[in-house]
Amino acid sequence: MNEKLFLCGISLEELVIAIRNILIDPESNNTGEEEILLSREQVCELLDFNKTTLWKHTRDGKLKSYGIGNRVYYKKHEIFSAIKPLNH
């Protein structure tokens, strides 16, 4: 276990977020933990969608959105739960 890891071009905040995403099981129910909400822009970036595709998946019930005021959010663990493997 004497391997070394060198990180270049990543901020401490980005590293913490990356480690947190690895350690948090996206399939878990997040009980006892703060719910992670993602904006439409963040979901589009995460899934490599445009906003029209995101809207269609939301309209079809594949993704569930939540409104706070006039803003729309998605629960991170629900996004990961909606992703299903393809059978080839």
Side-chain angles (χ1 to χ4, degrees):
M1 302 244 358
N2 291 330
E3 297 178 25
K4 294 181 181 180
L5 176 64
F6 295 96
L7 301 173
C8 297
I10 185 170
S11 70
L12 180 59
E13 182 179 335
E14 291 171 326
L15 178 61
V16 169
I17 291 171
I19 292 171
R20 185 178 296 143
N21 289 341
I22 291 169
L23 295 177
I24 295 174
D25 180 11
E27 305 259 343
S28 72
N29 202 9
N30 286 339
T31 55
E33 295 183 20
E34 184 178 328
E35 188 66 58
I36 299 172
L37 297 177
L38 301 175
S39 68
R40 289 183 292 186
E41 291 79 12
Q42 291 171 318
V43 174
C44 287
E45 184 177 325
L46 179 68
L47 299 177
D48 195 24
F49 280 174
N50 60 38
K51 287 185 181 179
T52 302
T53 303
L54 178 62
W55 176 78
K56 287 178 184 177
H57 285 300
T58 304
R59 181 193 64 197
D60 294 342
K62 295 176 183 173
L63 297 174
K64 185 173 182 183
S65 63
Y66 299 87
I68 299 175
N70 63 348
R71 298 175 189 248
V72 177
Y73 295 98
Y74 295 82
K75 292 183 180 180
K76 187 173 184 177
H77 79 275
E78 290 181 357
I79 298 297
F80 285 111
S81 296
I83 298 172
K84 305 209 185 304
L86 297 175
N87 294 328
H88 289 284

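Just so it is clear, the model here is predicted, and its values are computed rather than measured.
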For this session: Check Y74 against K64 and note the closest heavy-atom contact, atom names and distance.
Result: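 The pair with the smallest heavy-atom distance is CD2-O, 3.3 Å.
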
Problem set entry | Nearest heavy-atom neighbours spanning S65 and V72 |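 Residues S65 and V72, closest heavy atoms: CB-CG1, 3.7 Å.
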
Exercise. Do L54 and I36 belong to the same hydrophobic cluster, where Ile, Leu, Val, Met, Phe, Trp and Tyr are linked whenever their side-chain heavy atoms lie under 4.5 Å apart, directly or via other members?
Worked result: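 Per the 4.5 Å side-chain linkage, L54 and I36 are co-clustered.
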
For this session: Establish whether L47 and L38 are linked, either directly or via other cluster members, by ILVMFWY side-chain heavy-atom contacts under 4.5 Å.
Result: yes

Problem set entry | Within 6.0 angstrom of R71 CZ, more than 12 heavy atoms from elsewhere | no

Problem set entry | Residues, nucleotides or ligands: over 12 heavy atoms within 6.0 Å of D48 CG | no

Exercise. Does some side-chain heavy atom of L37 sit less than 4.5 Å from a side-chain heavy atom of K75?
Worked result: yes

Exercise. So do the side chains of L46 and F80 get within less than 4.5 Å of each other, counting heavy atoms only?
Worked result: yes

For this session: Can you measure from CG (L63) to CZ (R40) and round to the nearest 0.5 angstrom?
Result: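 These two atoms lie 13.5 Å from each other.
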
Exercise. How long is the gap from SG on C44 to CH2 on W55, to the nearest 0.5 Å?
Worked result: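 If we round to the nearest 0.5 Å, C44:SG and W55:CH2 are 13.5 Å apart.
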
Exercise. Can K76 and E35 be counted as an ion pair, charged N to O under 4.0 angstrom?
Worked result: no

Problem set entry | Sidechain-backbone polar pair: D60 side chain, K62 backbone, donor-acceptor under 3.5 Å | no

